[in-house]
Amino acid sequence: MPILLSEHKDYIVNIENNPLFEMLKTKSVRVFKTERGQTIYPFSLEVNENSVTLKADYYIGIDWLAGQEFVYVEPKMNYQEQELEINFQKMLFDIYSANIDPKYTQNLIKIYWEEPLITIEQQKDRLTPFLIIQFLLLLKHIVRKGLKKSYYIVEKDFNNRIKGKIQLSKQLKQNIFKNKYTTHLCQYQEFGIDNLENRFLKKVLQFVISFKNTHPNYFAENDREIQQLINHCIPYFELISDEIPYKTLKNIATNPFFKEYEEAIRIGNHILKRFSYNITQTSQQKVAIPPFWIDMPKLFELYVYKKLQEIFPKQEIFYHFTADYTELDFLLNSPKYKMVIDAKYKTIYKEGKVIDDIRQISGYARLKDVYKTLKIDDDRLIDCLIIYPSLVNSDNFSIEDKEEISEYKNLYKLGVSLPLII
């Protein structure tokens with residue numbers, strides 16, 4: 001049975017629910033990632049004498065808890081005593097529309113394929129739409145640049161002539177034993193777009209189309225954008241065969257020189273695994289999916305990066321600037337603004353502050369390499385800005401709207417409106 005949570009929400013298991021309480025007392029939560037020397041968990045368990053409290057953090061997804069119980073964290077936040085659902089699909093659309101290196105979007109989701117599958121209702125599935133949107137947006141980038149051309153192997157019958165090498169064993173079975181003496185089964189190489197990588201992408205696209213057709217309202221407010229992406233990509237694959245061996249389908253290789261291809265094939269493999277390489281499973285109403293977690297703080301950070309690119313040229317924004325073994329979210333070096341910017345996926349900044357975050361960003365602003373990059377020669381304090389999520393619907397985003405954090409000099413905060421599902 002599921003234990004439903006939303007972001008930053010608690011669920012208490014009392015001692016009266018003895019079997020689950022006893023199992024959770026010794027339960028250890030799996031590590032999501034290690035970042036900047038900190039071990040990060042998708043949710044936490046606080047064990048007391050008479051209860052265990054589950055606390056959702058900044059990650060959405062699903063995972064096994066104990067026995068047949070699993071925890072399911074929805075993309076919802078509390079605002080003015082209301083639960084509002086974050087439209088993370090729209091955030092993905094906005095991120096991929098920006099000029100962001102694919103290496104920064106690789107670890108937005110972590111999937112545990114080796115774990116037993118969890119059966120849930122189709123509409124509760126957050127994994128499939130996330131993977132489909134990622135794949136389609138990467139595919140759009142690929143077709144816009146032009147499909148990759150390379151040499152690929154072709155097997156074909158020729159009458160009264162030979163091209164390449166005769167496939168002797170197949171020639172005997174398919175032609176000689178059937179008295180087709182003038183027909184020769186040959187194998188040769190051609191150069192073009194009908195290669196294995198493009199066939200693989202077409203196969204994944206067929207799975208995506210099948211899923212979309214059997215679940216027309218699954219993507220809610222993003223349904224129109226999904227259909228536009230599909231319509232945009234389909235024509236580019238008309239001349240590409242969809243014949244690809246099952247073994248090749250599971251073990252398609254990638255070329256590191258084609259970053260978009262590498263990432264699209266990686267996501268494509270996730271999609272095929274999700275449907276067990278069987279296109280008929282795209283129409284099921286109850287689905288079995290592996291445990292997974294979506295990194296909402298990372299998604300928010302990239303969303304902020306996209307918003308900053310709408311205001312400033314890309315060359316004025318240093319993303320993941322590193323100095324003295326320290327990595328900053330953003331360093332802004334424009335004629336008007338020179339500041340350290342940190343994206344914090346915490347709604348508390350609407351009314352309050354987090355002292356540890358303030359210490360962290362203040363430390364970044366003291367680095368000598370930061371002064372050097374911003375071309376500041378004196379000892380003035382560098383402006384620091386914390387950007388946090390706002391649940392107030394607004395299209396306005398401007399650095400000029402920043403607010404000073406009380407009791408601190410040159411330290412500011414600014415809310416960026418998140419897309420919501422109304």
Side-chain angles (χ1 to χ4, degrees), residues 2 4-11 42-43 55-62 72-98 100 105 108-109 120-134 136-137 212 215-229 292-311 343-352 386-399 401-403 413-422:
L4 297 177
L5 295 174
S6 56
E7 295 179 60
H8 314 291
K9 193 174 182 180
D10 299 350
Y11 182 94
F43 65 97
K55 288 192 172 186
D57 207 344
Y58 305 107
Y59 307 89
I60 62 173
I62 191 170
Y72 176 88
V73 182
E74 297 180 299
K76 293 182 178 180
M77 282 188 174
N78 287 319
Y79 177 69
Q80 294 180 349
E81 300 182 355
Q82 297 182 61
E83 268 200 338
L84 301 177
E85 184 169 352
I86 309 300
N87 191 342
F88 67 89
Q89 297 179 18
K90 180 66 167 62
M91 293 174 70
L92 261 184
F93 273 109
D94 289 346
I95 288 166
Y96 277 91
S97 68
I100 297 176
T105 61
L108 284 173
I109 190 167
I120 59 172
E121 295 290 335
Q122 182 79 66
Q123 291 302 317
K124 293 286 186 183
D125 177 15
R126 309 294 182 185
L127 173 62
T128 306
F130 193 92
L131 293 176
I132 284 176
I133 291 171
Q134 270 194 304
L136 287 175
L137 290 167
K212 173 71 173 61
H215 302 85
N217 301 315
Y218 191 67
F219 294 93
E221 297 176 3
N222 309 295
D223 189 76
R224 184 181 174 187
E225 287 86 350
I226 292 289
Q227 192 59 54
Q228 286 176 345
L229 279 173
F292 73 94
W293 292 106
I294 296 173
D295 192 341
M296 289 301 289
K298 182 68 176 176
L299 190 70
F300 176 69
E301 181 184 293
L302 290 168
Y303 185 70
V304 170
Y305 189 20
K306 193 267 182 185
K307 288 294 184 181
L308 289 172
Q309 286 188 17
E310 291 176 356
I311 304 173
K344 295 296 182 186
Y345 190 61
K346 301 174 182 179
T347 54
I348 189 175
Y349 282 100
K350 176 65 178 174
E351 305 293 342
I386 293 174
I387 298 180
Y388 65 92
S390 170
L391 301 179
V392 178
N393 188 21
S394 174
D395 294 329
N396 296 325
F397 179 73
S398 173
I399 299 294
D401 295 332
K402 66 185 185 300
E403 302 174 49
K413 64 180 181 179
L414 176 64
V416 57
S417 181
L418 296 184
L420 303 173
I421 295 178
I422 307 300

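It should be emphasised that the depicted structure is a prediction, and the values quoted were computed from it without experimental measurement. Positions are given from 1, in the same order as the sequence printed here.
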*Looking just at side-chain N and O atoms, do E301 and Y345 make a donor-acceptor pair shorter than 3.5 Å?*
no
_Counterpart residues, side-chain contact (heavy atoms from CB on, under 4.5 Å), relative to S390 (two or more places apart)_ = V392
*asked:* Among residues at least two apart in sequence or on other chains, which ones pass side-chain contact (heavy atoms from CB on, under 4.5 Å) with E310?
replied: K306, K307
For [X], which residues count as a side chain to side chain donor-acceptor pair (under 3.5 Å) partner, sequence neighbours excluded?
{"X": "N393", "value": "none"}
{"X": "Q309", "value": "none"}
{"X": "D401", "value": "none"}

Mind checking ring pair (Phe, Tyr, Trp, His ring centres under 6.0 Å) for [X] and listing every partner two or more places apart, or none if nothing turns up?
{"X": "F292", "result": "none"}
{"X": "F397", "result": "none"}
{"X": "Y303", "result": "none"}

Nearest heavy atoms of [X] and [Y], plus distance in Å:
{"X": "L299", "Y": "L92", "value": "CD1-CD2, 4.0 Å"}
{"X": "Y59", "Y": "M296", "value": "CD2-N, 4.2 Å"}
{"X": "A56", "Y": "F43", "value": "CA-CB, 4.2 Å"}
{"X": "P389", "Y": "L418", "value": "CB-CD1, 3.6 Å"}
{"X": "I95", "Y": "I100", "value": "O-CD1, 3.7 Å"}

*Under the salt bridge (charged side-chain N to carboxylate O under 4.0 Å, His left out) rule, what pairs show up with a residue in residues 413-422, not counting sequence neighbours?*
none
*Short question: side chain of N87, backbone of K90 - any donor-acceptor pair under 3.5 Å?*
yes
Quick one: salt bridge (Lys or Arg N to Asp or Glu O under 4.0 Å) partners of [X], sequence neighbours excluded?
{"X": "K402", "answer": "none"}
{"X": "E85", "answer": "R126"}
{"X": "E403", "answer": "none"}

*Would you mind checking if E74 and K124 are paired as a salt bridge, meaning a charged N to carboxylate O distance below 4.0 Å?*
yes
*Take D94 and S97, measure what side chain to side chain donor-acceptor pair (under 3.5 Å) needs, and give me the verdict at the end.*
CA-CA 5 Å; D94 289 346; S97 68; 4.8 Å; no
